[in-house]
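Below: the structure, in C-alpha cells.
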Amino acid sequence: MNYFNKLRDDIAAVVAAVGLPGAAFAVEPARDPAHGDVATNVAMILSKVAGRPPKELADLMISGLKAIDGVASADVAGPGFINFRLSSGFWLAQLQQILKSGLDYGRCDLGQGAKVNIEYVSANPTGPLHVGHARGSVFGDVLANLMESVGYHVVREYYINDAGAQVDALARSLHWRYREALGEALGDLPSGLYPGDYLRDAARELIANAGSRWLAVPEDDWLPPLRLYAIDAMMTLIRNDLLELGVGQSVFSSEHALVARGGVDEALAYLAEHGLIYQGVLEPPKGKKPEDWEPREQTLFRATQFGDDVDRPLRKSDGTWTYFAGDVAYHFDKIRRGFAVLIDVWGADHSGYIKRMQAAVKAMSEGRVPLDIKICQLVNLLDQGQPLKMSKRAGRFVTLRDVVDAVGKDVVRFMMVTRRNDVPLDFDLAKVREQSKDNPVFYVQYAHARCCSVLRNAQEAFPNVPFEPAALGAAPLTRLGDPGELRLIRALAGWPRTVEGAAQAHEPHRLAFYLFELASEFHAHWHRGNDDPGLRFIIAGDPDLTAARLGLVHAVRFVIAGGLRIFGVEAATEMH
RNA sequence: GCGCCCGUAGCUCAGUUGGAUAGAGCACCAGACUACGAAUCUGGGGGUCGGGAGUUCGAAUCUCUCCGGGCGCGCCA
C-alpha cells in the first residue's frame with residue numbers, strides 16, 4: 001500500500017540487474033513538485049561503494065528505471081538525484097485502492113504481530129487526574145492505536161504505584177476525613193496529607209459501607225485496610241476520568257502485588273546471578289553536595305555497564321526497596337511476558353531516570369528488548385492567552401475532567417498530539433472553542449464535514465446514480481485530470497507512508513500535521529471551484545464526471561476519518 | 001558542577017531519520033462570496049536554522065565546543 005516501498009523494491013531490482021551492489025538508499029517524495037513526484041538518491045549512495053560518479057551510475061540504470069511499472073519519466077538531476085514522474089494511471093490506481101480500503105487505508109502489517117507494551121499515565125493513585133496528565137494519557141493511547149494500525153499486537157498498561165509512603169499518606173488523609181465526617185472537630189488538615197474534596201466523598205462512602213468501625217481502633221489496624229480501600233476508590237476515580245477522555249488501558253499492574261509475590265526478589269536475583277549487583281558507596285553529586293550527605297554503603301546496580309552515569313541504589317537505608325528497585329522488577333516482569341518492544345510514556349520530571357531504566361532493561365533482556373521512553377513536556381493551560389493559575393497545595397487544580405467537560409474529549413485528544421511530545425504545549429481553552437483555522441481540530445473536521453456535505457448534495461442532484469464508494473471504484477476515474485485533483489490524489493497516496501513513519505518513530509504528531517495539510521489541500525481545491533465552476537465536484541448533466549470526482553471526495557473523507565480514528569476523534573459529518 | 005531535552009521568520013511550530021532554492025499557521029499588507037457550506041481561499045514582504053569548528057559530493061539534521069532556556073541529580077514516588 002505504501003507505494004514508496006514498492007518503488008524501492010523495483011529500483012533495487014534494476015540496481016541488481018545492471019550488476020551494482022545492494023545498498024540502503026532512500027525513495028522519497030520529491031521536495032519540489034517541479035522535480036517530479038518521487039526522488040531517489042540511489043546513484044549517490046552507490047557512487048561511494050562503486051567508486052564511480054553518480055551521474056555515470058544513473059545513466060547505467062536509467063533505461064531500466066524508465067521501464068518500471070507506473071513510471072512515466074525518469075531524469076537525472078542536481079548532484080545525482082533521479083526524479084520520477086508517475087503516470088496518471090498509477091495515481092488513479094492509488095485512488096482506487098483508497099476507495100477499496102475505505103477507513104482501513106493506511107493500515108499495514110509492518111509490525112507482523114510483534115508484541116508491544118505501552119505503559120502510560122501511571123499516575124499515583126492519590127487523587128483525580130489533573131490536566132497535566134491529559135497529554136501522556138492521550139499520547140500513549142494514540143500511539144497504541146497507531147502501532148495497532150501498522151500491525152503490532154499492543155498491550156496498553158497502567159502501573160499503579162500503590163506501595164510507597166504516598167499511599168500511606170493517602171490512607172491517613174482518608175481516615176482524617178472519615179473522623180471529620182463522623183463529627184470530630186479536628187481543625188486544619190496536618191501537612192503531608194492530601195487536601196481535596198474527593199477524599200471527603202470517599203470518606204462518606206466509607207461510612208456508608210463500614211459505619212464507624214475504624215474510629216476507635218489503633219492506626220496499625222486501620223491503615224492497611226483503609227489504604228486498600230482508598231487506592232481502590234482513587235483508581236475508580238482515575239479510570240472514570242480516563243474513560244471520559246476515551247482512554248482505556250486493559251492491564252493495570254500493581255506495584256504492591258508485584259512486591260508481594262516476590263517480583264523484586266526475582267529481578268534482583270537475576271541481576272545478582274549476572275554479577276550486576278554489589279555493595280558500595282556512591283560519590284556525592286559533584287557541585288551540588290546535599291548538606292546532610294554521609295557516605296553510605298548501599299545495594300547498587302551496575303548501571304554504568306549499560307550506559308548510565310553512575311551505579312544506582314536499589315535499597316534504602318531502612319532496608320526497604322527504592323522506587324527504582326520496584327520499577328526494575330516491573331520491567332523484568334514485562335520482559336518475561338514476552339514483549340518485543342517496550343514503550344514507557346513519562347512526564348518531564350522523570351527524565352533523569354531514563355538512562356537507568358534503559359540500562360536495567362538492557363541488562364535484564366541481554367540487549368534484546370528495546371525500551372523507548374517518551375517524555376511528555378508540560379501543558380501550559382491558558383484562557384485567552386492568560387495562564388490559568390492552579391494551586392496543588394490547596395488541593396485546587398484544574399482536573400482533567402474539568403477540561404474535558406469544558407471543551408470535549410475530541411478537542412483535548414487532538415490538541416494533545418499536535419506537538420511533538422518533547423516540547424511544551426500551549427492549550428488555550430478559548431482558542432480550541434473557536435471555529436476557525438486557528439483551531440486545528442475544527443479545521444480538519446470542517447474538511448470532513450464538507451466532504452459529507454457535497455456527497456449529500458450530489459445524491460440530491462442525481463437521485464438515481466449510485467455514489468457509494470464501492471460503485472465509484474468502477475467510476476470513470478480517468479475523467480479526473482485537473483492539476484488540483486492530481487495534487488489531492490498525491491497527498492492522499494502519501495498517507496500510508498506517513499502512518500508507517502509515525503509508527504516507526506513513535507511520533508503520532510506527524511499524523512496531525514498530515515491531516516492539517518490534507519485538509520488545507522482540500523479547502524484549496526474547493527475554492528478553485530468557486531473561481532471556476534467547471535472544477536466543482538457536482539457537475540449538473542454529467543453524472544460520470546460527478547461520479548469520478550465524488551470518488552476523490554470519498555477518498556479524502558476516508559483518509560481524514562481513518563486518521564481521526566487513530567486519534568480516537570469523531571469525524572463530524574456536519575459543523576454547527 | 002554533572003546528565004537529559006529544547007533553541008528554525010516578529011509569535012507558535014513542522015522539517016519525511018544526511019539531500020536539491022529551509023516550509024506552514026498566526027500577525028502584517030493587498031485581494032476573492034447573488035455560496036457544491038467564505039467557519040474558507042489567493043497573492044506579498046519577512047531567515048546567518050543560537051554562535052563557532054569539524055565529518056563529506058551534500059548538514060537545520062551527525063561529532064566537538066561555547067551561549068541561552070527547561071527538567072533532573074543517594075534513603076520522593
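Proteins come first, then strands; the chains are lettered A, B, ... in the order of their sequence lines, and each starts at number 1. Worth saying up front: this structure is predicted, and the values here are computed from it rather than measured.
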Nearest-angstrom distance, C1' atom, B:G45 to B:A9: 11 Å

Separation of B:C4 P from A:Leu378 CG (nearest whole Å): 20 Å

Whole angstrom value for the distance that separates C1' of B:G23 from CZ of A:Phe513: 12 Å

Whole-Å gap separating C1' (B:A59) and CZ (A:Arg31): 12 Å

Separation of the C1' atoms in B:U34 and B:G23, to the nearest angstrom: 38 Å

Side chain of A:Arg536 - closest among B:C36, B:A77, B:G3: B:C36

Gap between atoms CZ and P, on A:Phe25 and B:G58 respectively (whole Å): 23 Å

Candidate nucleotides B:C6, B:A32, B:A14, ranked by approach to the side chain of A:Asp422 - the nearest: B:C6

Rounded interatomic separation in angstrom, taking CZ from A:Arg420 and P from B:G7: 6 Å

Reported CD1-to-NZ distance for the pair A:Ile11 and A:Lys6, which is rounded to 0.5 angstrom: 10.5 Å

Sugar-phosphate only, base, or nothing, as touched by A:Asn83 at under 4.0 Å among non-hydrogen atoms: base

Separation of the C1' atoms in B:C67 and B:G52, to the nearest angstrom: 11 Å

A:Arg479 with A:Asp542: basic N within carboxylate O range, under 4.0 Å: yes

Charged tip of A:Arg302 within 45° of A:Tyr278 ring normal and under 6.0 Å: yes

Under 3.5 Å donor-acceptor pair, A:Asn457 side-chain atoms to B:A35 base atoms: no

Whether A:Tyr353 stacks on the six-membered ring of B:G72 base, 5.5 Å and 30° limits: no

Out of B:C41, B:A32, B:G15, whichever nucleotide has its closest atom nearest the side chain of A:His527: B:C41

Distance below 4.0 Å between A:Asn530 side-chain N/O and B:U40 OP1 or OP2: no

Ring-on-base stacking B:C36 with A:Trp526 (under 5.5 Å, under 30°): yes

Cation-pi geometry met for A:Arg312 and A:Phe324 (6.0 Å, 45°): no

Pair A:Arg490 + A:Asp37, salt bridge at N-O below 4.0 Å: yes

Counter-base of B:G74, judged by Watson-Crick or G-U geometry with both distances under 3.5 Å: none

Paired nucleotide for B:G7 [Watson-Crick or G-U wobble; both distances under 3.5 Å]: B:C67

Face-on cation placement of A:Arg356 at A:Tyr353 ring, 6.0 Å and 45° thresholds: yes

Closest listed nucleotide, where the reference is the side chain of A:Val423 and the choices are B:A20, B:C6, B:U40: B:C6

Nucleotide B:A35, atom C1' - distance to NE2 of A:His523 in whole Å: 15 Å

Whole-Å C1' distance, B:C71 and B:G10: 28 Å

C1' atoms of B:U65 and B:G25, separation to the nearest Å: 35 Å

Complement of B:A30, any strand, by Watson-Crick or G-U distances under 3.5 angstrom: B:U42

Between C1' of B:U16 and CG of A:Asn2, the distance in whole Å: 11 Å

N or O in side chain of A:Ser453 less than 4.0 angstrom from B:C36 OP1/OP2: no

Plane angle bin for A:Tyr443 and A:His523 - parallel if under 30°, tilted between 30 and 60°, otherwise perpendicular: tilted

Position toward the 5' end of RNA chain B (nearest nucleotide), A:Ala505 or A:Ala30: A:Ala505

Ring-on-base stacking B:A20 with A:His35 (under 5.5 Å, under 30°): yes

Sugar-phosphate, base or nothing in reach of A:Pro440, heavy atoms under 4.0 Å: nothing

Pairing partner (Watson-Crick or G-U wobble, both distances under 3.5 angstrom) of B:G37: none

Minimum-distance nucleotide to A:Glu28 side chain [options: B:G37, B:G19, B:C76]: B:G19

Any A:His350 side-chain N or O less than 4.0 Å from OP1/OP2 of B:C5: no

Base B:G72 to side chain A:Asp349, donor-acceptor N/O within 3.5 Å cut-off: no

Chi-based syn or anti call at B:U17, which uses purine or pyrimidine torsion atoms and a 90° bound: syn

Interatomic distance at P, B:G68 relative to B:G58, whole Å: 33 Å

A:Asp426, nearest nucleotide to its side chain (from B:U12, B:G37, B:G19): B:U12

Gap between atoms CD and P, on A:Gln358 and B:C5 respectively (whole Å): 10 Å

Candidates B:U12, B:G58, B:G3 - which lies nearest the side chain of A:Lys48: B:G58

Of A:Ser351 and A:Phe324, the one whose closest RNA chain B nucleotide lies more 5': A:Ser351

Polar side-chain contact A:Arg296-B:G74 base: donor and acceptor under 3.5 Å: yes

Assigned partner base of B:U21, Watson-Crick or wobble definition, under 3.5 Å: none

Under-3.5 Å donor-acceptor pair between A:Arg450 side chain and B:U40 base: no

A:Tyr159: which of A:Tyr120, A:Phe252, A:Trp346, A:Tyr330 passes ring pair (Phe, Tyr, Trp, His ring centres under 6.0 Å): A:Tyr330

